[in-house]
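Written out below as structure tokens is the structure these notes cover.
Throughout, a chain's letter reflects where its sequence line sits, starting with A, and its residues are numbered from 1. Not measured: the values here are computed from a predicted model. As a basis for the values below, the full set of heavy atoms in this structure was taken, side chains included, without hydrogen atoms, waters or symmetry mates.
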Amino acid sequence: MNAPIGLTGTLPGDARSRVRSADRIGDGVLYGLCMLASLLAVVTLGAIAYKVIDGASASISQFGLGFLTHSAWRPNFGIFGAGTFLYGTAVTSFAALLLAVPLGISIGLYLSMMASRRVRGVIGPLVEMLAAIPSVILGFWGILVFGPFLQAHLEPFLHRTLGFLPIFGAPSSTGSGLFNASLILTIMVVPIIASLSRDLFLAVPQELQEGATALGATRWEVLRGVVLPSAASGVAAAAFLGLGRALGEAIAVTQVIGAGDFIHVSLFQTGDTLASRIADQYQGAATPQLVASLFYLGLILMVIGLIANIAAQWIARRFDVGRVAAR
Amino acid sequence: MRPPDPSEMPATGASNVRPRVRIQTPALAHEAAQAAANARPTDALRGSPRGEQDSALTVGREAIFDVQDLSVSYGSSQAISGVTLQIHRNLITAIIGPSGCGKTTFIRSLNRMNDSVPGFTIDGKILYHGHDIYDRGVDRVEVRRRIGMVFQRPNPFPKSIYDNVAWAPRNLKMKSGLDERVERALRGAALWDEVKDRLKDSALGLSGGQQQRLCIARAIAIQPDVLLLDEPASALDPIATAAIEELMQTLKNRYTIVIVTHNMQQAARVADRTAFFNLDASDGRRTGVLVEYGDTDVMFTRPADTRTSDYVTGRFG
């Protein structure tokens, strides 16, 4: 060949195969890196789970499953039970979800169906920014601003009007307690449910909404009959995501829950959750027994989180199947 | 069914001054229309639509809709302008025209389905039984209850067949005799025999044609006055399309039907009256206008406007 122009002229046969082999190496490296990264995540999960179980084993063998129901926690006397914290976790998470689900769905409906485009563009990102507030700041605000407000105004009001319910007992002395923690958790969970449900409602086919509208349905009838049922499984999954957040939140809850050692029916009393107790005591953990019991709390928390996760998937799947197949 | 058979050309449709021409083929029809159009002053060919042709079909028939100089815009773009026409009781009125000429905008304006479209503004009047449906104080929910609509793509709710039909009656508190109402609606939509044994099954398990008939059943379950059909068969196969077209012939005894279609043969087959919309770009702004409106057989065999004849003979669009 004379005066080859361009690469193809000079690179027949072996040279071209060299390029190909370089490509193959690149592909292999990329594949290896990506697989390593994924493996790393799996290994980390396994290592943490192993360490938590291993660390808790001393406490498990000593207290067994009675740990779950026993409510006394006296490190100085070697007495440990998770009952108080299970109760605190359940109450605060449930209360937070009870408030956050209707609030979040309302915000989602407003942003997706009712607000003008301009309002949507302002409020939507602001709601999402609520989720971006570091929880330690939220907890700080909860102690200094929210707690005193609750103690001075909301708690006395609820006690006066709904005091016949034992959950609204005498107002707290400091503003810290299960009630404050529940509300702080609500603030953390609302943006999750709001932004997810907004996206879910926006994804409901326009055709279905128009079909309902053309049948002389009011806006509420369209929402109730078409939009909400179509998004129900997703909203349920969003609620469980929020639940996961509420169950595991440690710092903000530690700041506002008051680190109580007893089960109280009244929300205005102090308590502790599994996560907040761990955050509260791991530093001063003097005895191996306390460390093991804190690990035990952590193990319980992980199992609950796992159950919540599986439940969310199960619900979502059940709804989806129900939607496609016959009712 | 109403094929434009020249041997059955009604004398009543041709009371204007043009010479009557016997037409055998679409090509001839076009030539005839061309000849007729050439005999007119050129300015009549452009701009605003000419008045409706007289028709034996409309004489003595109540006008359900009286649309007067209707213009619709979305934001700064004008979708249709200057549309004036009447839609008469118990007739099938077809709206035909090329894509983007405002057919769907027009039909969706008739039951205020455009209200939720951002930037939607309307000029002119749409009188429904003499009342302007865009008057302040008119409840658009009530408008849509009386003027039902079926959409291009079947859109059954993800509920059972029964609940699809029963949903709107339940909303409207028509709860007594609900089972009978559902059966009547499904029979009315020629679907009953196919679904009577599986009313509790999901509507999403039906075929496309069945779904569309379910949507028609859903619409007639609340006994509207008018049915608006926006290209109801465009997503269906020929057999399902034939079923829908046949159904329309029975439905027109009870309802006034307006159908948008871009399928001219469909309009020729099913419609009593046909309105031809076209894109008008004469003053630099593209907007949909009503070119011609009249009895279907006249529109397809002896249209008065060259644009109509060009379209119906397949020369463009």
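- Annotation: side chain of B:P158 is not in contact with side chain of A:P229 (no heavy-atom distance under 4.5 Å).
- Side-chain contact between A:L215 and B:R144 is absent, with no heavy-atom pair separated by less than 4.5 Å.
- Both the backbone and the side chain of B:F157 come within contact range of chain A, each with at least one heavy atom under 4.5 Å from a heavy atom of that chain.
- Contact tally against chain A (heavy-atom pairs below 4.5 Å) for B:R218, B:R145, B:M149: the top residue is B:R218.
- Listed by first and then second residue, the salt bridge (charged side-chain N to carboxylate O under 4.0 Å, His left out) pairs that reach into residues 182-194 of chain B are B:E183-B:R187, B:D193-B:K196, B:E194-B:R213, sequence neighbours excluded.
- In A:Y31, the OH atom is not crowded: 12 or fewer heavy atoms of neighbouring residues, nucleotides or ligands sit closer than 6.0 Å.
- Within the model, atoms CD of B:E142 and OG1 of A:T218 stand 12.0 Å from one another, a figure rounded to the nearest 0.5 Å.
- More than 12 heavy atoms of other residues, nucleotides or ligands lie within 6.0 Å of CZ in A:F149, so this atom counts as buried by the packing criterion.
- Interface residues of residues 193-211 of chain A toward chain B, defined by a heavy-atom distance below 4.5 Å and sorted by number: A:E207, A:L208, A:E210, A:G211.
- Proximity to chain A (any heavy atom under 4.5 Å) is restricted, for B:I147, to the backbone atoms N, CA, C and O.
- Atom CZ of B:R181 has more than 12 heavy atoms from other residues, nucleotides or ligands within 6.0 Å.
- Formation of a donor-acceptor pair under 3.5 Å by the B:K159 side chain with backbone atoms of A:G225 is found in this model.
- Residue B:P156 touches chain A through its backbone alone, counting heavy-atom pairs closer than 4.5 Å.
- Here A:Y87 pairs with nothing under the ring-ring contact (aromatic ring centres under 6.0 Å, His included) rule; sequence neighbours left out.
- Within a 6.0 Å sphere centred on CZ of A:R120, heavy atoms belonging to other residues, nucleotides or ligands number more than 12.
- For residues 239-248 of chain A, the set of pairs meeting the salt bridge (charged side-chain N to carboxylate O under 4.0 Å, His left out) definition, not counting sequence neighbours, comprises A:R245-A:E249.
- Enclosure of atom NE2 in B:H129 by more than 12 non-hydrogen atoms of other residues, nucleotides or ligands within 6.0 angstrom is indicated.
- Atom CZ of A:R224 has more than 12 neighbouring heavy atoms from other residues, nucleotides or ligands inside a 6.0 Å radius.
- Interface residue A:R117: only side-chain heavy atoms are found under 4.5 Å from chain B.
- Shortest non-hydrogen contact noted between A:A217 and B:V141 is O-CG2, 4.0 Å.
- Within a 6.0 Å sphere centred on OH of B:Y74, other residues, nucleotides and ligands contribute more than 12 heavy atoms.
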